[in-house]
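Residue numbers start from 1 in every chain, and the chains themselves are labelled A, B, ... in the order their sequence lines are given, proteins ahead of strands. Predicted, not measured: the structure shown is a model, and the values here were computed from it. The basis for the numbers below is simple: all heavy atoms, side chains too, and nothing from hydrogens, waters or symmetry mates.
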Amino acid sequence: MNPAFIHQQVAKIIEQHRLRPGALLPVLHGIQDELGFIPSESVIQISLALNLSRAEVHGVITFYHHFHTTPPARHSIQVCRAEACQSMGGENLAEHVAQRIDERAAGLYDVHPVYCLGLCANAPALMIDEVLHARVTPEKFDRLINALGAHS
Amino acid sequence: MSIKIFVPQDSAALALGADVVAENVLIEAKRRGIDVTLVRNGSRGMLWLEPLVEVQTADGRMAYGPVGPEDIAGLFEANFHLGGAHTLGLGLTEEIDYLKRQERLTFARVGITDPLSLADYLALSGFQGLHKALTMAPTEIVQEVTESGLRGRGGAAFPTGIKWKTVLGTAAAQKYVVCNADEGDSGTFADRMIMEGDPFVLIEGMTIAAVAVGATQGYIYVRSEYPQAISVLNKAIDIARQGGYLGSDILGSGKAFELEVRKAAGSYVCGEETAMLESIEGKRGIVRSKPPLPAISGLFGKPTVINNVISLASVPIILDRGAAFYKDYGMGRSRGTLPFQLAGNIRQGGLIEKAFGVTLRELMVDYGGGSASGRPIKAVQVGGPLGTYLPESQWDTPLDYEAYMAMGAVVGHGGIVVHDDTADLAKLARYAMKFCAIESCGKCTPCRIGATRGVEVMDKIIANQDRPAQIELLRDLCDTMLNGSMCAMGGMTPYPVLSALEHFSQDFAQAVHEETVAGEHHV
């Protein structure tokens, strides 16, 4: 990504949220939603605009599991690893996902654990990009991934 | 006349293909020249039946489920739009036993209305509580909530009215109302279902809280894992503002209240109220020491009401119907109802709003229909990842804050996660420690270091290295975490661990036992 473009986008997002009390999280969400991640070089820009230290901004970015500082793969897969999903074979599903994704080209998928998607009565669950899927079996997962592969 | 067909847009329904179902209903209706009005309602909470499609008939709403996209043509063929019989037919929705036997107060409208229709909301007693509150003095509102016996539904069960009274009694130029919608516990989805299925009731509850304590700004802190809830809430807030229910002059009362959704960022500990305040302020979610209480010095150092979604969503009906009406439900000091969330390895999982006093066995057997796998149920975790594992001997204790506390358990947010007999409680105890290690905010030592040591000790126990001494060490470590942690994260992680050890010791001793039998065991 072009540094000038990043700078311009970040400036635009900061301007949208700058005056909100506790603006840092909305700013970081805004940047990640727009660029897909929070580029390290934007830390200084954010800290200057919000009158924070670079350590504070860096600290917040790294504290929260949701924020990423490297460009994401084309698709994100969040597999729920919490108790309700475990009780319905969630660990087997997670293993299957890891194996299946391993076979594929790197850079195409990011797999992350997530602790509860709120679909606990229809476990196990996972989220591919922003789309939720419940009662996922390994076979259903393969179908979802194949459908994704068809237009990626 | 146009026929009303309801296809939920609750996340649970969406995750099972409700959008495609809805699309197919429209396509098929058009193909057949049938005039259909599609309503995207919330979920009725019978989650094993999702997507649950309903049709408005002269006799009432008829239910069909679970409906897949491929079923739509067949349903129209069977004239389901006129209430026709079909193998997926479940009869009148209201007559389904699971729903009929509930006591729906907080969830009175969820699944019935279009969540974003102000007209639907108003038609079913919407904003009646706020209208009433605006005729009352602040102390009277607080008194009403106190008398109802409502206690914090997020898990701590602190009396809501007492909290409000402290904020009301603290003079300040600026006060806040913050709704904790960081529903991070596994096995819970009641907050999500309210936000997605009846957002106006939460807005109304928060507005009543604001009027009662003199707050002018509110925040709803919603977890980033709930994109659908965030989207519905933002739309509902705009609609409420346009309707004069939010803004600088609420319903012409001269009172002001603004509301904003704040998106969390995937940190479990931010469900702890002071860590949540830090997060809203734009900082790392590090737990604050108390005192000062947030009611006196909370968000941005100002007096702040912090309540869970369900607590706030229960306020409108309390104001509308009166404290006595609400208090009439429940037992002992646990008044009113709790939306129990039946989840995990259960045949009929879903949301069951019942008065306190119901037992786990009733919920799991009468409602849940036993395990999903068909195997015997072994352990049930109540109250989220920090709640205890209950063995069968405890399933007949009434769900009541005090009765549960007496046996070392917690009701918490009402989440119930069922495990069948294939569950290994030693592994689940290890997971509890692991989860704490991942999610600890790091401020206090018992939680930050204790959880990591806990994982190591559990690994040794599972690998049967010096097991009796390691179990003793585990108990000692749990004692330190329980008594020395700053908040419930480290302070309650021992609950699942110790209850697993207490009630399912065979899972911790399997290998020891086998060795003893083989005559190789040395202590």
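- Ranked by heavy-atom pairs under 4.5 Å with chain A, the list G282(B), G368(B), G184(B), S11(B) is led by G282(B).
- Residues Y268(B) and C116(A) are not in side-chain contact: their nearest non-hydrogen atoms beyond the backbone lie 4.5 Å or more apart.
- When only modelled atom types and interatomic distance are considered, E439(B) and H65(A) share a side-chain donor-acceptor pair under 3.5 Å.
- With a 6.0 Å radius and a threshold of 12 heavy atoms from other residues, nucleotides or ligands, H112(A) has its NE2 atom above the threshold.
- No part of Q78(A) comes within reach of chain B, as not one of its non-hydrogen atoms sits under 4.5 angstrom from that chain.
- For the atom pair CE of M88(A) and OG of S373(B), the computed distance is 7.0 Å after rounding to the nearest 0.5 Å.
- For F435(B) and Y115(A), the distance between ring centers is under 6.0 angstrom.
- For chain A, the nearby parts of I438(B) are the backbone and the side chain; heavy atoms of each come within less than 4.5 Å.
- Among Q348(B), R262(B), R223(B), H419(B), the residue making the largest number of heavy-atom pairs under 4.5 Å with chain A is R262(B).
- The residue among E225(B), Q341(B), R284(B) with the most heavy atom pairs within less than 4.5 Å of chain A is R284(B).
- Most heavy-atom pairs under 4.5 Å with chain B, from the set Q32(A), H133(A), M127(A): that is H133(A).
- The closest side-chain heavy-atom distance from P496(B) to E83(A) is not below 4.5 Å.
- Heavy-atom minimum distance, Y431(B) versus A82(A): OH-CA, 3.3 Å.
- Comparing V417(B), L299(B), L14(B), V269(B) by how many heavy-atom pairs each has under 4.5 Å with chain A, the most go to V417(B).
- Heavy-atom distances place the side chain of V114(A), and not its backbone, under 4.5 Å from chain B.
- In terms of non-hydrogen atom pairs under 4.5 Å with chain A, the most contact-rich of S371(B), G285(B), S267(B), C441(B) is G285(B).
- What you find for E130(A) and P227(B) is that their closest heavy atoms are OE1-CB, 3.8 Å.
- Along residues 187-197 of chain B, the residues that come nearer than 4.5 angstrom to chain A, judged on non-hydrogen atoms, are G187(B), T188(B), F189(B), R192(B) in order of number.
- For D19(B), no part sits under 4.5 Å from any heavy atom of chain A, backbone or side chain.
- Between S279(B) and Y64(A), the shortest heavy-atom contact is OG-OH, 2.9 Å.
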Tabulate below the donor-acceptor pairs under 3.5 Å that side-chain atoms of residues 19-30 of chain A make, not counting sequence neighbours, or state none.
unit_1, atom_1, unit_2, atom_2, d
R20(A), NE, E260(B), OE2, 3.1
R20(A), NH1, H17(A), ND1, 2.8
R20(A), NH2, E260(B), OE2, 2.3
H29(A), NE2, K263(B), O, 3.2
H29(A), NE2, A264(B), O, 2.8

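- Looking at I280(B), only its backbone comes within 4.5 Å of chain A, counting heavy atoms on both sides.
- When each of A123(A), C120(A), P124(A) is scored by its heavy-atom pairs under 4.5 Å with chain B, the top score falls to C120(A).
- The main-chain N or O of A12(B) is never found under 3.5 Å from a side-chain atom of N122(A) such that the two would form a donor-acceptor pair.
- Among the residues in residues 48-58 of chain A, none has a non-hydrogen atom closer than 4.5 angstrom to a non-hydrogen atom of chain B.
- Although no hydrogens or angles enter the test, the distance criterion places a donor-acceptor pair under 3.5 Å between the side chain of S186(B) and the main chain of A84(A).
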Output side-chain donor-acceptor pairs under 3.5 Å for residues 376-388 of chain B, partner residues at least two apart or in another chain, one line each.
unit_1, atom_1, unit_2, atom_2, d
K378(B), NZ, A423(B), O, 2.8
K378(B), NZ, D507(B), OD1, 3.2
K378(B), NZ, D507(B), OD2, 2.8
Q381(B), OE1, Y389(B), OH, 3.4
Q381(B), NE2, G384(B), O, 3.2
Q381(B), NE2, P385(B), O, 3.4
Q381(B), NE2, G387(B), O, 3.1

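- Interface summary for chain A: among A343(B), G349(B), C270(B), the most heavy-atom pairs under 4.5 angstrom belong to A343(B).
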